[in-house]
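What follows is one structure encoded as structure tokens, with my remarks underneath.
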Amino acid sequence: MPSSLAAPPAPLPGASLVPVHDAWAERDRHWWRSSVIYQIYPRSFRDLRGDGIGDLPGITAGLPALAELDVDAVWLSPFFKSPQKDAGYDVADYCAVDPIFGTLEDFNALTAEAARHGIRVIVDLVPNHCSDQHALFQAALAAPAGSPAREMFIFRDGRGEHGELPPNNWQSHFGGSAWTRITEPDGTPGQWYLHLFDSSQPDFNWDNPAVHDEFERILRFWLDRGVGGFRVDVAHALIKKSGLPDWGGRADGSSSEGFPGHEAPMFGQDGIHDIFRSWRQILDSYDGERVLCAEATIDPLDRLAQWVRPDEMHQTFNFAYLHHPWNAWELRRIIESSLRAFDRVGAPTTWVLSNHDVVRHVSRFGMTSGHARPGDGLGPADPQPDYWLGLARARAATLLMLALPGGVYLYQGEELGLPDHTTLDHDHRQDPTFHRTAGERLGRDGCRVPLPWTADAPAYGFSSSGASWLPQPGDWAGLARDRQAADPGSTLNLYKAALRLRRKLALGHGTLAWWPEHDDAGVIALVNGDVLAVMNMGGGPVQLPAGELLLGSHPEAGRDGVLHPDTSVWLRLA
Ligand code: GLC
């Protein structure tokens, strides 16, 4: 006997709902408050030139497929000139396109084509660090200690009798010390420079006004080329606490609670907000609504909300949501606290399930035996995810997410139901995390595998030559875009239908209320306008209330008035 979602189903006078969020009704309907932004990882999107690495012309060619998804904007991970030690997050020239991706003319063609489809182009700004090949860092290496050139970065003398020990105990995100010692121009062992990531990614010194000037120039360069805004990489780390004190917490600083001081000295320092305020003024001086979105791993949510106060960034990623476990109570808690935290500062909440740094949600949700850290990847020696379970849950979770008011981020390939490549041979791994930890952490290559476009073509149509910088799993033909386009029950068609309906029903601009409490802790049920979105995260079937079935995460979901585990539906309430 299915348990009942609302027994007896309550009629729906507003009073029976628990209002959580209704502040937007009165507010301007700015596009970014309800936007769907699709993340493109350029090297894995589409390769038109045949070298096995995706390129800008490939993105331009793929835009019609994204227009079919009805997205508002694409965010491009870095395509700037770079030695590619961290897949482009090590920038050697912020105002040049790396030849592996194309040219500035290719970028202009891309933005023009995107505009024809009504799609904005957001680029990735990497202000915390650059590449060690950047001209400014090369100049710093050639200049003496204490010189203005060195002051662009964070150079310090080492500790110990001969300066042979790093200046403090900070660890790199990718493993090992966050400091590297240089050889001075005269050949002697010299100062150390800080790199919160790879040693090829020196951190800028944001206490230096010259660094501010440099980035304002970069912002204007891309704004002048018509970009719709910036996703700001590591937006929580720009300013470091003065004196650079030792830190007892984790390298990623994301769980600072429980450590002395409760604050990581390299994250979330007050001075950061002045930087964002000055950038916001620059963006606001341009026409159109150009936006800033922070990649900030800051907790708790109330503190993160400081990144999106009215005169700072427009959006910030909601990583608490990305990391939600398969548990209705926990998911409900995160949704509610997100809406409350961002609403308090007048900002929209965003929702995201995957990106280029974490195991894709199809694979995460398919891990029945548990997996420690999504950023650390999965390999052949790990317990393997159950693909079909993961896919069912991923489809259900996507439908639930798209019913939420606010902005949504999609990561390329999730509309195809792609899992991680979980059996990638170590020889192919390129993520510095893998190499800096001697393979202890596998890293993020598994979620960065090139997309399948055509079932029957070499490299599934990713590249014109069949080359692919990372090998694709051998069983992806059924996941290819052309195969799915022809299948009404495919994940691709579910995304298209849900995104179309989300826009038509203005769910992104909507309000949220919880369906009255019931005794099934495995079910999450929310009301946005006259749409009831229900997801069954429990172990047994659930009776749905009366209503018109608008969409189900599975072609049969909700058809008999019953919602089975690992599925979700949208109902229009009777
Ligand atoms: C961000 C990026 C990640 C990169 C890191 C260093 O977290 O998303 O891919 O490795 O910053 O730039």
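Counting convention: from 1, in listed order, for ligands and their atoms alike.
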Considering only non-hydrogen protein atoms, determine which one is nearest to [atom] and report residue, atom name and distance to 0.1 Å.
| atom | value |
| --- | --- |
| atom 7 (O) of ligand 1 | Glu295 OE2, 2.7 Å |
| atom 9 (O) of ligand 1 | Asp357 OD1, 2.7 Å |
| atom 4 (C) of ligand 1 | Asp86 OD2, 3.4 Å |
| atom 5 (C) of ligand 1 | Phe197 CE2, 3.7 Å |
| atom 11 (O) of ligand 1 | Asp233 OD1, 2.9 Å |

TODO: Please name the residue in the list Phe221, Phe230, Tyr89, Phe215 that meets the ring pair (Phe, Tyr, Trp, His ring centres under 6.0 Å) test with Tyr94.
DONE: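 It is Phe215; the other options fail the test.
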- [ ] Please work out whether any backbone atom (N, CA, C, O) or any side-chain heavy atom from C-beta onward of Phe174 is under 4.0 Å from ligand 1, and answer side chain, backbone, both or neither.
- [x]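 Looking at Phe174 and ligand 1, just side chain atoms fall under 4.0 Å.
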TODO: Is it possible for you to check whether Arg120 lies under 6.0 Å from the centre of the six-membered ring of Trp31, through NZ or CZ, and within 45° of that ring's axis?
DONE: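 Yes, Arg120 lies over the aromatic ring of Trp31.
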TODO: Report yes or no: is the cationic atom of Arg156 (NZ for Lys, CZ for Arg) under 6.0 Å from the centre of the six-membered ring of Trp192, at an angle within 45° of the ring normal?
DONE: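 Negative - Arg156 is either too far from the ring of Trp192 or too far off its axis.
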As an exercise, identify every atom of ligand 1 less than 4.0 angstrom from a heavy atom of [X].
| X | value |
| --- | --- |
| His129 | 6 (C), 12 (O) |
| Arg444 | 3 (C), 4 (C), 9 (O), 10 (O) |
| Arg448 | 9 (O) |

- [ ] Measure centre to centre between the rings of Phe107 and Trp222, then say whether the value is under 6.0 Å.
- [x]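 Yes.
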- [ ] Report yes if the distance between the aromatic ring centroids of Phe365 and His324 is under 6.0 Å, otherwise no.
- [x]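 Close enough - the centres of the two rings lie under 6.0 Å apart.
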Open item on the list: Around atom CG of Asp270, are there more than 12 heavy atoms from other residues, nucleotides or ligands closer than 6.0 Å?
Closed with: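 Count not over threshold, so no.
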- [ ] Using a strict 4.0 Å threshold on nitrogen-to-oxygen distance, state whether Asp233 and Arg231 make a salt bridge.
- [x]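 Here Asp233 pairs with Arg231 in a salt bridge, since their nearest N and O are under 4.0 Å apart.
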Give a yes/no on ligand 1: does [X] have at least one heavy atom closer than 4.0 angstrom to it?
| X | result |
| --- | --- |
| His173 | no |
| Arg231 | yes |
| Lys85 | no |

Task: Shortest non-hydrogen contact between Pro78 and Gly88, atoms and distance - done: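 Closest approach of Pro78 to Gly88, heavy atoms only: CB-O, 3.2 Å.
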